[in-house]
Colleague: 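Sharing a structure with you now.
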Amino acid sequence: DAMKERLRQDMLDPSGYIMEVSKESTFSALGVADKLTPLFFKMRWSLGAAREGYFITSDNPVARMVARKNYHPIYGDGGFLNKTAEVTFPLSPKCLLMMTWHEDAPDLGTFDRDPVRQFNRIRAAHSDRYLYAHLGDARLARLAAKFKDLRPSMTIEGFGPEKFATVKIPRRFKPK
């Protein structure tokens with residue numbers, strides 16, 4: 001009876017636990033590639049050139065941004081189906097692929113220094129471990145230091161107990 005009551009209490013308040021999901025087990029997410037591929041092909045593809053500065057890349061180079069106003073506290077932002085979604089992928093230091101749902105997006109465009117910096121910040125914030133550039137740059141080193149160990153973490157929202165267990169997905173492999 002005591003064990004049943006402890007289990008019941010732990011299910012009502014799992015905040016005393018830490019759930020850790022290994023990166024290796026997150027590879028099962030690759031199974032959604034068959035669903036994402038048709039979506040990407042339906043999006044409008046554009047190439048953008050860096051007029052000033054350069055694009056960096058990382059070990060997690062695909063970035064998706066959506067308009068914050070389209071975020072729902074329970075249903076989230078709609079993922080890649082969100083019509084404000086912009087998916088970017090750097091192709092070279094001077095060229096970036098952007099996929100969007102905007103029909104009027106140009107085939108080719110250019111970005112000034114500020115948007116290039118913003119794309120680089122986003123890439124750094126979503127990197128797992130490494131940032132890559134075609135040259136050594138003190139700004140890149142500062143950017144890497146700023147986002148070290150600050151990758152957005154998994155959040156849990158919606159129904160369930162008032163307190164959830166902490167969920168961690170380690171950024172780096174840590175041998176036991």
Side-chain angles (χ1 to χ4, degrees), residues 19 21 23 25-133 139-140 142-160 164 166-171:
M19 289 181 51
V21 181
K23 288 185 76 172
S25 54
T26 63
F27 284 128
S28 63
L30 293 177
V32 302
D34 291 340
K35 291 181 175 68
L36 288 178
T37 302
L39 283 178
F40 288 159
F41 279 123
K42 288 179 185 175
M43 296 176 90
R44 176 89 171 142
W45 290 33
S46 303
L47 294 178
R51 187 177 298 153
E52 299 176 48
Y54 59 90
F55 298 112
I56 65 169
T57 190
S58 75
D59 52 3
N60 190 22
V62 176
R64 179 185 59 88
M65 292 90 45
V66 296
R68 200 65 193 146
K69 67 181 181 185
N70 289 33
Y71 180 80
H72 189 278
I74 294 173
Y75 302 113
D77 64 20
F80 292 102
L81 289 172
N82 184 319
K83 295 305 178 188
T84 67
E86 292 180 346
V87 180
T88 60
F89 179 78
L91 300 172
S92 76
K94 290 293 185 179
C95 188
L96 179 88
L97 171 65
M98 179 180 281
M99 294 178 281
T100 179
W101 291 106
H102 302 293
E103 294 289 330
D104 58 347
D107 290 334
L108 300 169
T110 58
F111 295 107
D112 291 326
R113 183 176 308 275
D114 287 339
V116 170
R117 283 184 181 162
Q118 188 61 26
F119 286 128
N120 289 344
R121 273 179 68 83
I122 291 165
R123 201 93 40 232
H126 288 87
S127 70
D128 283 323
R129 186 171 180 186
Y130 297 106
L131 298 179
Y132 303 99
R139 289 176 296 191
L140 183 59
R142 286 192 300 272
L143 192 61
K146 179 175 184 166
F147 287 102
K148 182 182 178 190
D149 299 324
L150 291 180
R151 182 166 186 206
S153 60
M154 182 184 292
T155 60
I156 300 174
E157 298 176 10
F159 303 106
F164 287 97
T166 302
V167 177
K168 291 185 179 180
I169 299 177
R171 289 182 69 154

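None of the values given here were measured: they were computed from a predicted structure.
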Colleague: If you round to the nearest 0.5 Å, how far is CZ of Phe55 from CG of Leu97?
Modeller: 11.0 Å
Colleague: Any non-hydrogen side-chain atom of Arg121 less than 4.5 Å from a side-chain atom of Phe147?
Modeller: yes
Colleague: Quick check: closest heavy atoms across Leu143 and Ala124, and the distance to 0.1 Å?
Modeller: CG-CB, 3.7 Å
Colleague: For a quick test of reading the model, state the closest non-hydrogen atom pair linking Ile122 to Ala63 and the distance between them.
Modeller: CG2-CB, 3.6 Å
Colleague: Is there a side-chain contact between Leu108 and Pro106 in this structure, where contact means two heavy atoms from C-beta onward sitting under 4.5 Å apart?
Modeller: no
Colleague: Starting at CG of Asp77, measure out to NZ of Lys69 and round the result to the nearest 0.5 Å.
Modeller: 13.5 Å
Colleague: Please name all residues satisfying side chain to side chain donor-acceptor pair (under 3.5 Å) with Glu52, sequence neighbours left out, ordered by chain then number.
Modeller: Arg113
Colleague: Going by the rule side-chain contact (heavy atoms from CB on, under 4.5 Å), which residues pair with Thr57 if we only count those two or more places apart in sequence or in a different chain?
Modeller: Pro61, Pro90, Tyr132
Colleague: Rounded to the nearest 0.5 Å, what separates atom OH in Tyr130 from atom CD1 in Ile56?
Modeller: 15.0 Å
Colleague: Determine, step by step, whether Arg123 and Leu96 satisfy the side chain to side chain contact (heavy atoms under 4.5 Å, CB included) criterion, reporting the C-alpha distance in whole Å, the side-chain angles of both residues, the deciding distance to 0.1 Å, and the verdict.
Modeller: CA-CA 12 Å; Arg123 201 93 40 232; Leu96 179 88; 3.6 Å; yes
Colleague: Please collect all side chain to side chain donor-acceptor pair (under 3.5 Å) contacts where either partner lies in residues 35-47, sequence neighbours excluded, each pair once.
Modeller: Arg44-Asp107
Colleague: For Arg117, give me all partners under side chain to side chain donor-acceptor pair (under 3.5 Å), at least two apart in sequence or on another chain.
Modeller: none
Colleague: Enter the distance from Lys83:NZ to Glu103:CD here, rounded to the nearest 0.5 Å.
Modeller: 9.0 Å
Colleague: Do you know the tightest heavy-atom contact between Gly79 and Val66?
Modeller: O-CG1, 4.2 Å
Colleague: List the atom of Trp101, the atom of Phe80, and the distance in Å for their closest heavy-atom pair.
Modeller: NE1-O, 2.8 Å
Colleague: Could you tell me which residues satisfy salt bridge (Lys or Arg N to Asp or Glu O under 4.0 Å) with Arg142, sequence neighbours excluded, listed by chain and number?
Modeller: none
Colleague: With rounding to the nearest 0.5 angstrom, report the CE to CE distance, Met98 to Met65.
Modeller: 5.5 Å
Colleague: Write down the atom of Ala50, the atom of Val116, and the distance for their closest heavy-atom approach.
Modeller: CB-CG2, 3.8 Å
Colleague: Which value, rounded to the nearest 0.5 Å, describes the distance between Asn120 atom CG and Leu131 atom CG?
Modeller: 9.0 Å
Colleague: With sequence neighbours excluded, tell me which residues meet side chain to side chain donor-acceptor pair (under 3.5 Å) with Thr84.
Modeller: Asn82
Colleague: So Arg51 and Thr110, side-chain hydrogen bond (donor to acceptor under 3.5 Å, both in side chains) or not? Walk me through it.
Modeller: CA-CA 6 Å; Arg51 187 177 298 153; Thr110 58; 2.3 Å; yes
